[in-house]
2 protein chains.
Amino acid sequence: MSLSVDRDKFQAADKPTLYKQIRLDIERRILTGEWPPGHRIPFEHELMTRYGCSRMTVSKALSELAQADLIERRRRAGTFVRRPKFLSAVLTIPDIRAEITALGRSYGYQLIRCARRAANDADRARLGVRKTGKVIAISCRHSADGVPFAIEDRLIDLDAVPEAATADFAIEPPGTWLLHHVPWTEAEHSISAIVADDQTAAALDIASGAPCLVIDRHTWRSARTLTAVHLVYPGESHKLVARFKGG
Amino acid sequence: MSLSVDRDKFQAADKPTLYKQIRLDIERRILTGEWPPGHRIPFEHELMTRYGCSRMTVSKALSELAQADLIERRRRAGTFVRRPKFLSAVLTIPDIRAEITALGRSYGYQLIRCARRAANDADRARLGVRKTGKVIAISCRHSADGVPFAIEDRLIDLDAVPEAATADFAIEPPGTWLLHHVPWTEAEHSISAIVADDQTAAALDIASGAPCLVIDRHTWRSARTLTAVHLVYPGESHKLVARFKGG
DNA sequence: CACAGGAATATGTATAGACATATTGATACC
DNA sequence: GGTATCAATATGTCTATACATATTCCTGTG
């Protein structure tokens, strides 16, 4: 698989309005190193004479750059180029069903286990919650053109997501259902490598001892745990791609 | 007027300014699901009467939400809550030396090979460049508290980064040096899993056949290749963490 | 010299008004 | 029915102005 990412925010070819030109001009100077980190950008009133516009227009360009974290504005002191965010990238992990069908391959889904139960100690540890409550535990397998693509092992906190009780996870994969029904605010991914044990190897139709890529994802809404998922992909044929595109 | 009284109460609440209050209010409705994806949020002139402010103020709040990709604004049609985003996260891969020292562990670095040479076919393929030129090829090992942490295999395009010729990679790891001297605009990470071959296992002091996490990173500045690096981490002990924080 | 306090200044927020521009929806025409 | 046209409308950009606020700089005082 190739989880390719495009931050096409800047690809939108819109009309070059004045404030956008100013923004791009400053962005260019920062990214080419002409204005290195820490450099003080000309004051707003200098920029307004340079570009021949009002201060509000300059300010709008600077505000967007500040929101994008390229610059830092300090009252009385001025505006400064921030240290670039080195080595960070936007990693996008799309819904598996959507990803496979987008590639023009046939998506296959098999529910292996789906149990609704009171949370046991292991469940609570995985979800990071203290008090007892109900959970849904799901195991399933995704495939593309009949070939196993990933196996998924998921816990959903039923108290945080009561609507999940009405979903039919025999038909719709839980990730897809959650994506369309439950808004979230925070997610943490933990990516690691393992070798397939016999059970995993059988489920993914690979050799025992073959490498696998593992993604553990924990999802919250406003500090409330929603779901925890453990995904295992065959590791040699599958790659996660994260791409950062600036300017 | 009663309107200005209302606004004063609004501002007295804490510190947030009016446009920020508006932004947070709309954000809350979206994240709680009160305004689901696709929902048309009130027109700007409705919002300005609701909040008792000018259209510019409302527009500023909406502009920031649009920049953060929470809403979509369409001329004549109105403003709409965007469909749920794909799961996306900021993947941060810090400088290895800084990462280890930040954990309070002692950082160790060993340069294994460092060669300056004309690019051969394999080098050009890896860097994705056509014309011949000079490169630096570096192999090194990072360790934490004396335990191997990662092995690194890097190519630097000397034509794109001539300053690299003056760096002493026997002392400073190339990643750290590049981080502090070379601005970049694009990077692509490819993450996969492998099993350690004998050579890798020996370098990382793990068993042959143990899982490893591999990161291949390609870095550009304005479409110009700067460097390509191949990093291998022991896969069971090391985890990459990517975290998304929505506002 | 240390320090309190005030003046200077750059950004931050907000206003009303003006015109531009894209898109929708209705209307008229073939 | 299909299509060209046009007016209505919501967002997009920009101006000039005003005052708020945080910070720095300077100055007077002990």
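The basis for the numbers below is simple: all heavy atoms, side chains too, and nothing from hydrogens, waters or symmetry mates. In what follows, chains carry the letters A, B, and so on, assigned in the order in which the sequence lines appear, proteins first and then strands, with residues in each chain numbered from 1.
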Between [X] and [Y], which heavy-atom pair has the shortest distance, and what is it?
| X | Y | answer |
| --- | --- | --- |
| Phe43(A) | Gly78(A) | CE2-CA, 4.1 Å |
| Ile156(A) | Ala164(A) | CG2-CB, 4.2 Å |
| Ala228(A) | Arg126(A) | O-NH2, 3.5 Å |
| Asp159(A) | Gly133(A) | OD2-CA, 3.2 Å |
| His45(A) | Met48(A) | O-CG, 3.1 Å |

- [ ] Kindly indicate, with the supporting measurements, whether the criterion side-chain contact (heavy atoms from CB on, under 4.5 Å) is fulfilled by Ile96(A) and Tyr233(A).
- [x] CA-CA 11 Å; Ile96(A) 294 174; Tyr233(A) 298 86; 3.9 Å; yes
- [ ] State plainly whether the residues Arg23(B) and Glu27(B) are in salt-bridge range, i.e. N to O under 4.0 Å.
- [x] yes
Quick one: [X] [atom1] to [N] [atom2], roughly how many Å, whole number?
| X | N | atom1 | atom2 | result |
| --- | --- | --- | --- | --- |
| Phe80(A) | dT24(D) | CZ | C1' | 11 Å |
| Ile71(B) | dA10(D) | CD1 | C1' | 13 Å |
| Gln21(B) | dT13(C) | CD | C1' | 14 Å |
| Ile22(B) | dT13(C) | CD1 | P | 12 Å |
| Arg23(B) | dG12(C) | CZ | P | 14 Å |

Open item on the list: Tell me which residues in residues 54-64 of chain B lie within less than 4.0 Å of DNA chain C, going by non-hydrogen atoms.
Closed with: Ser54(B), Arg55(B), Met56(B), Thr57(B), Lys60(B)
TODO: Could you check which residues of residues 72-79 of chain B get a heavy atom under 4.0 Å from DNA chain D? Sort them by number, please.
DONE: Arg73(B), Arg74(B), Arg75(B), Arg76(B), Gly78(B), Thr79(B)
TODO: Could you check which residues of residues 40-50 of chain A get a heavy atom under 4.0 Å from DNA chain D? Sort them by number, please.
DONE: none
- [ ] Could you tell me whether the phosphate oxygens of dT13(D), OP1 or OP2, come under 4.0 Å of any side-chain nitrogen or oxygen in Lys20(A)?
- [x] yes
TODO: Answer yes if the side chains of Thr227(A) and Arg217(A) hold a donor-acceptor pair under 3.5 Å, and no otherwise.
DONE: no
Task: Any donor-acceptor N/O pair, Gln67(B) side chain to Glu64(A) backbone, under 3.5 Å - done: yes
- [ ] Give a yes or no answer on whether the side chain of Ser59(B) reaches the backbone of Arg55(B) with a donor-acceptor pair at less than 3.5 Å.
- [x] no
TODO: Would you indicate whether the side-chain heavy atoms of Trp35(B) and Pro42(B) approach each other to under 4.5 Å?
DONE: yes
